[in-house]
Amino acid sequence: MVGLAVAWLSAAAWADKPIDDLETAGAPAPWAFYAGSEFPGATGSLSVIAGEGSGKAARLQGDFAKGGTYVAAQLTLPAPMTAAILSFRARSVPGTRILVRVTDNSDQTLQYAINRPLTATDPAAWFTRTVDLGDPTDAFGGAGDKILHQPLKRIAFLIEAMAWFANGERLSPAARLDFDDVSFLENPREELDPDAAPPPFAGTPRLDNLGVNIHFTRNDKALDALEGAGMAFLRMDLGWAGIEKAKGIYDFSAFDGLVASASARGLQVHFILDYSNPLYAPGPPLEAAAVAGFKAFASAAAAHFKGKVPSYEVWNEPNISVFWNPPDPAAYAALCKEAIAAVHAADPGAKVSTGGVSEVDWPFVRKAMGAGGAAGADAIGVHPYRGSHPETLIDQVVLLRESVRQAFPAGSPPLWDTEWGYTSSDFGPGTSVPARALHARYTVRRILTSWAAGFPFIVNYDLLDDGPDPLEREHNFGLLTTALEDKPAMTAVRVLAARTRGFAAKGFLGTRQSRLHALKLESATGTEVILWMEKQEEWRAKAAVDSIPVLFARKPMQAWDHLGRPLALPPQASGSYAFKAAYEPVYITFPKPGLAARSGRSAHVEAGSLLSTGRGSAESNGWKVWTETPGAGPRDFSGRRPERHSAKEPGIVPEPGSGPAGR
């Protein structure tokens, strides 16, 4: 890519130490292909292709149909080099897992897992990725201490065919990575212009697509808290056995009260049609009579709530034995397509999603779709739980969307994020201050990530803690305690709602480091930038000593941290205003160019944090908050939720792919 290569070579802002722009006559040499021979069976190639624009790029391909684990493109540096950050342009087909390796001065090989950026939702588009070489995911040989010993001797790009952890199944046995413009960045100065126009954005940052899971039919205080958090709807199990206790007789009275209470607060309801009924079968509906019974139940529910309940979901996590034992995509498909048809026939205006699968289980979804299980579906449900930070999601979303596209080539239904959350017990005793602080961090970033991924329907799990045990995962997912007290995560959600209301998302401002995110939003009177960073195993890091300085081209108007506490505005230095991005998002507002710093939509906070009710007013919670605008005057039928226990030690978060991280 000649134009970009020249720009990088001439501008210290990006390519401080160019490695290879793949424009030499002998390219891809001096890169060499390696078939990962320690795991025999893989084949592949390394070649030159037309790059982005008029230049050239390298293409690494791997075929694992006969075995093997990875293939690689390796480069021995002409001379050892000192570097902290590796940068490259990339394009990969869905299902390709990318790894980077560097060999340091001790002959230690350090490995880095590469995730697609939040903005890389188009599988055909090029993207820039940077690698913090001080943050490896693995290391072997040499010093063996996971510490980078300068200078560096070799670098390599590896690709694998992405597999789902439970059975190793791959979308295809092939993987492919195109790469270009490889550089080491030195002193990566982050300078952002809040007035810049970001690239086109496919995300959905709005409050009307945000909901939360509940496990009750009556709790006015909890519903008041949900309304006050700025969310738009709730998700709740509509358990078959609790509704139909005699064949053909349906009692929805308990749920009528829930729907009415929600509606009175401006909240909508999303019901999950789920679980077995002993009147028909002891387990999931498999036989024709049981399937017919479930279909009749789905029809009765849609008819009863017609015009009151806008959306339904057929079963919960049918891909795991906790809820469908044993998991069977064909059997689930037989039930799902009948239930979808029944709901649409009874209420043509209702939307119906397939049951959200635990984690991004694209093999199960693909098989269920192949058996007709998504026929007529308005959406495909997914529960993208993970044992790592939220921003690792995009590769899996791109892969699942590709599976759906293949199943529906004439026009595929969207993905709905119908459940996802974090439990504070994964970060230590769940009721401890540090664990709840991490829970708040990941909760708000989980919502931001789902917005960036373009989900039009998002459900956070869940509203209330399920119990008081600080070591039980199921007891520590809530935004509220069992006593209905706000946890820091609820405060963070309230602040997110308050700070994004009235703003339209424009996209992510370009940052030099991939782990830094700057989401730009605009209103009629100003601009807001939501700024945060990510890191591998960041829950072990100390945010106070790990941050990225960010310089803004003009003076901010106001700034808040993720809990709504006002931040001191930085003084001007060398024509810029510096903030430090850390793991918790911060909200930085700028007036429209030419307006005074105190004009526009602003919020004044006295002695405390910014908390909004989310529906046009503000609540004090002990603090005085007001706004100015210029010119204005799942449970089973018995009520006991099936639980999934974790055997891991408190304080340890599983690595991605190590096992179910859902609830």
Side-chain angles (χ1 to χ4, degrees), residues 207 210-216 218-235 261-262 265-267 420-448 458-470 472-501 560-567 583-587 603 605-626 663:
L207 299 175
L210 180 60
V212 69
N213 220 101
I214 67 169
H215 297 139
F216 56 80
R218 292 194 61 182
N219 192 326
D220 286 344
K221 286 190 66 177
L223 290 180
D224 288 342
L226 170 55
E227 177 192 9
M231 290 181 275
F233 64 93
L234 57 89
R235 175 180 183 258
S261 294
R265 293 166 173 81
L267 301 168
W420 177 19
Y422 285 87
T423 172
S424 55
S425 69
D426 277 349
F427 312 119
T431 56
S432 68
V433 171
R436 284 185 172 175
L438 282 163
H439 179 232
R441 171 198 299 179
Y442 283 134
T443 295
V444 68
R445 281 171 46 190
R446 162 267 188 279
I447 296 170
L448 290 166
I458 300 168
V459 180
N460 190 75
Y461 189 84
D462 62 3
L463 182 60
L464 295 174
D465 280 345
D466 286 350
D469 186 346
E472 170 53 55
R473 299 186 80 246
E474 295 295 335
H475 289 191
N476 293 279
F477 278 97
L479 301 176
L480 303 173
T481 69
T482 55
L484 300 177
E485 298 168 336
D486 281 4
K487 293 165 62 176
M490 176 58 96
T491 301
V493 171
R494 291 179 189 275
V495 171
L496 176 66
R499 292 310 324 145
T500 56
R501 183 170 298 102
W560 295 269
D561 70 6
H562 72 303
L563 298 179
R565 295 170 296 207
L567 301 174
Y583 304 126
E584 290 80 14
V586 296
Y587 305 88
V605 183
E606 288 188 357
S609 45
L610 174 71
L611 299 173
S612 168
T613 63
R615 298 195 179 273
S617 61
E619 70 179 15
S620 67
N621 279 33
W623 311 109
K624 188 176 291 185
V625 181
W626 67 95
R663 58 116 192 110

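Taking OG of S424 as the start and CZ of R473 as the end, the distance is 10.5 Å to the nearest 0.5 Å. Between the CG atom in L234 and the NE2 atom in H215 there is a gap of 11.5 Å [rounded to 0.5 Å].
At distances below 3.5 Å, at least one donor-acceptor pair connects side-chain atoms of N476 with backbone N or O atoms of D469. For D486 (side chain) and M490 (main-chain N/O), no donor-acceptor pair under 3.5 Å exists by modelled atom type. No side-chain donor-acceptor contact under 3.5 Å links D426 to the backbone of Y422. A donor-acceptor pair under 3.5 Å links the side-chain atoms of D561 to the main chain of L563, judged by distance alone. Proximity of a side-chain donor or acceptor of T482 to a complementary backbone N or O of P468 within less than 3.5 Å is not detected.
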From CA spacing to verdict: side chain to side chain contact (heavy atoms under 4.5 Å, CB included), F216, L463: CA-CA 10 Å; F216 56 80; L463 182 60; 4.2 Å; yes

From CA spacing to verdict: side chain to side chain contact (heavy atoms under 4.5 Å, CB included), L496, H562: CA-CA 7 Å; L496 176 66; H562 72 303; over 6 Å; no

Evaluation steps, side chain to side chain contact (heavy atoms under 4.5 Å, CB included), between L479 and L226: CA-CA 9 Å; L479 301 176; L226 170 55; over 6 Å; no

From CA spacing to verdict: salt bridge (charged side-chain N to carboxylate O under 4.0 Å, His left out), D462, R235: CA-CA 9 Å; D462 62 3; R235 175 180 183 258; over 6 Å; no

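Using a 30° and 60° split on the angle between ring planes, F477 and Y461 fall in the perpendicular class, above 60°.
Scanning for salt bridge (charged side-chain N to carboxylate O under 4.0 Å, His left out) contacts around R445 gives E391, E538, with sequence neighbours left out.
Because its NZ or CZ atom is both nearer than 6.0 Å to the ring centre of W560 and within 45° of the ring axis, R499 counts as a cation-pi partner of that residue.
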For residues 430-438, run the donor-acceptor check on the side chains, cut-off 3.5 Å, and write out each pair with its distance to 0.1 Å, sequence neighbours left out.
residue: S432; atom: OG; partner: P429; partner atom: O; Å: 2.8
residue: S432; atom: OG; partner: A435; partner atom: N; Å: 3.3

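By the 4.0 Å N-to-carboxylate-O rule, D220 lies close enough to R265 to be salt-bridged with it.
Taking all atoms of both residues into account, the shortest heavy-atom contact from A440 to A492 is O-CB, 4.1 Å.
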